Each structure stands twice: as structure tokens, then as C-alpha cells.
Amino acid sequence: MTKSVRVRPATPDDAATLTQLNDFVHTLHVNERPDIFRPPSSAEELVSLFSSFLARENALAFIADSSEGPVGYVMATMHKRPGDALTQPRSFVFVEHIAVDPAMARTGVGSALVESVRVAGKEAGCSSLLTDVWDFNKRALAFFGASGLAPMRHWLEQPL
């Protein structure tokens, strides 16, 4: 990782920063799946969305800062599931969003963000790290694979 980048916990005051950083990845989603993703109508709409996320009891969020300013973020949620007649009890941390400035790609920023989630999840008693990735996002699939995550489930879709 570059020496000029540090990862810190996000605070409620960072909602506007998350809004700005989200554009790096959200534009890809809008372009690839406009049937699901839409451009935000305003920055205020996204600030509200991120503020609500940061207020959640089970939320984790981290921002990567460089000397130039914020260059990436990750948001995750912690989950505890009781067992039932078919499943074991489990606890896990789920990466909901990750975005890194394309100018900082392949510099270790994404890895440092994911590691921050791993550490926080372990400290909270989680036994695994999960995420989902859209099939069109080959870079994210490769990144998470290189980060040690392996496929565990496939979602299939058929338009009706």
C-alpha cells in the first residue's frame, strides 16, 4: 500500500464524502444495469442515504485518505443469525459497498479497506466475511478473489 494512504472509520460527518466517492462505482452499475440502478436525483438524496446507513447499529464504514483527500471507502453490515432446524447459527460481516478512485487502483487501497472490515468483524465476533458482486463487474470479482473470498452461492435471473 502507498505510504500516503491511511484508513479511518467513517463518521456521520462523512456522508458527503461517501456521496462523492460512490460515483466511481455507481456509474458502472447504472451503465450496466439501468433496469435496476438509477442515477441519483441529487447529492442531497445520497447524503441522506449514507447518513441513514452510518446511523445503523450494525454498520461499519471506513474511508481511505491520501494527502490529496479521500480516495476510497467501504461500507459493511454485521449480522448474527440464529440457527434453526436446517442451518447452523452464524455471524458474519457483509461488504455492502466498496469504491476506490480509479487513479488509486492496484495500489492496495481496496485491500486495506477490506482488511479494516475483516479486523472489525473479527473483533465483533463475526466468523466470516461475505459480499456479493454483479457478474458484469469483472474487476470486483477478480479483486475479491485475490482478497481470499471464494464463490459460495449463485443468483440466477430470467426476465419475465
Side-chain angles (χ1 to χ4, degrees), residues 1-34 36-80 91-150 152:
M1 173 145 117
T2 57
K3 291 183 181 181
S4 61
V5 174
R6 74 175 179 90
V7 175
R8 63 174 176 81
T11 69
D13 293 335
D14 288 313
T17 299
L18 296 172
T19 296
Q20 178 185 13
L21 292 168
N22 177 258
D23 191 54
F24 296 131
V25 72
H26 190 67
T27 299
L28 171 68
H29 289 80
V30 170
N31 290 340
E32 293 292 332
R33 290 299 306 257
I36 296 174
F37 297 99
R38 67 177 180 87
S41 59
S42 68
E44 293 77 25
E45 180 182 31
L46 277 180
V47 168
S48 176
L49 178 80
F50 288 122
S51 291
S52 294
F53 180 89
L54 292 169
R56 291 168 57 179
E57 187 176 313
N58 68 333
L60 294 171
F62 297 93
I63 293 178
D65 287 316
S66 77
S67 58
E68 311 288 311
V71 294
Y73 79 93
V74 64
M75 293 172 27
T77 49
M78 293 182 291
H79 302 269
K80 293 193 184 316
S91 59
F92 58 92
V93 61
F94 189 92
V95 172
E96 304 280 351
H97 290 197
I98 186 168
V100 174
D101 183 334
M104 296 296 289
R106 304 189 69 78
T107 64
V109 172
S111 296
L113 289 165
V114 169
E115 184 59 21
S116 295
V117 171
R118 267 192 198 102
V119 169
K122 280 183 182 179
E123 289 174 357
C126 296
S127 59
S128 60
L129 171 69
L130 304 175
T131 195
D132 59 0
V133 179
W134 288 92
D135 194 56
F136 62 77
N137 196 341
K138 304 302 183 199
R139 283 186 180 177
L141 286 165
F143 167 75
F144 282 114
S147 297
L149 283 83
M152 65 172 276

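In this text, all values refer to a predicted model and were calculated from it rather than measured experimentally.
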Minimum heavy-atom separation for [X] to [Y], with atom names?
X	Y	answer
Ser91	Cys126	OG-CA, 3.3 Å
Thr11	Leu54	O-CD1, 3.3 Å
Val117	Ala76	CG1-CB, 3.9 Å
Gly121	Leu60	N-CD1, 4.5 Å
Phe62	Ala120	CZ-CB, 4.1 Å

Find out whether [X] and [Y] are in side-chain contact, i.e. whether some heavy atom of one side chain is under 4.5 Å from a heavy atom of the other.
X	Y	result
Leu130	Val93	no
Phe53	Glu96	yes
Phe24	Val100	no
Ile63	Val74	no

First locate atom [atom1] of [X], then atom [atom2] of [Y], and finally report the distance between them rounded to the nearest 0.5 Å.
X	Y	atom1	atom2	result
Leu49	Thr19	CG	OG1	8.0 Å
Asp101	Asp23	CG	CG	10.5 Å
His97	Thr77	NE2	OG1	10.0 Å
Arg56	Ser51	CZ	OG	13.5 Å
Arg106	Phe143	CZ	CZ	10.5 Å
Ser147	Glu115	OG	CD	9.5 Å

Quick one: which of Val109, Ile98, Asn22, Thr17 gives a side chain to side chain contact (heavy atoms under 4.5 Å, CB included) with Tyr73?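 When side chain to side chain contact (heavy atoms under 4.5 Å, CB included) is applied between Tyr73 and each of Val109, Ile98, Asn22, Thr17, only Asn22 qualifies.
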Given side-chain contact (heavy atoms from CB on, under 4.5 Å), test Val95 with Leu129 step by step and report yes or no. CA-CA 8 Å; Val95 172; Leu129 171 69; 3.7 Å; yes
Can you tell me if [X] has over 12 outside heavy atoms packed within less than 6.0 Å of its [atom1]?
X	atom1	value
Lys80	NZ	yes
Arg33	CZ	yes
Glu32	CD	yes

Applying salt bridge (Lys or Arg N to Asp or Glu O under 4.0 Å), can you list everything that pairs with Asp14, at least two apart in sequence or on another chain? Arg8
Counting distance only, does the side-chain N/O of Asp65 pair as donor-acceptor with the main-chain N or O of Arg6 below 3.5 Å?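 Judged by distance alone, no pair lies under 3.5 Å.
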So, Ser66 side chain and Val5 main chain: donor-acceptor pair closer than 3.5 Å or not?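 Not at all, since once roles are kept as given, no pair shorter than 3.5 Å links the two residues.
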Step-by-step side-chain contact (heavy atoms from CB on, under 4.5 Å) determination, Leu113 to Val7: CA-CA 7 Å; Leu113 289 165; Val7 175; 4.0 Å; yes
Please tabulate, one pair per line, all N/O donor-acceptor pairs under 3.5 Å involving side-chain atoms of residues 132-141, not counting sequence neighbours.
residue, atom, partner, partner atom, Å
Asn137, OD1, Ala140, N, 3.1
Lys138, NZ, Asp135, O, 2.8

Working for side-chain hydrogen bond (donor to acceptor under 3.5 Å, both in side chains), residues His29 and Thr27: CA-CA 5 Å; His29 289 80; Thr27 299; over 6 Å; no
Does a salt bridge link Arg38 with Glu45, judged by any charged N lying under 4.0 Å from a carboxylate O? yes
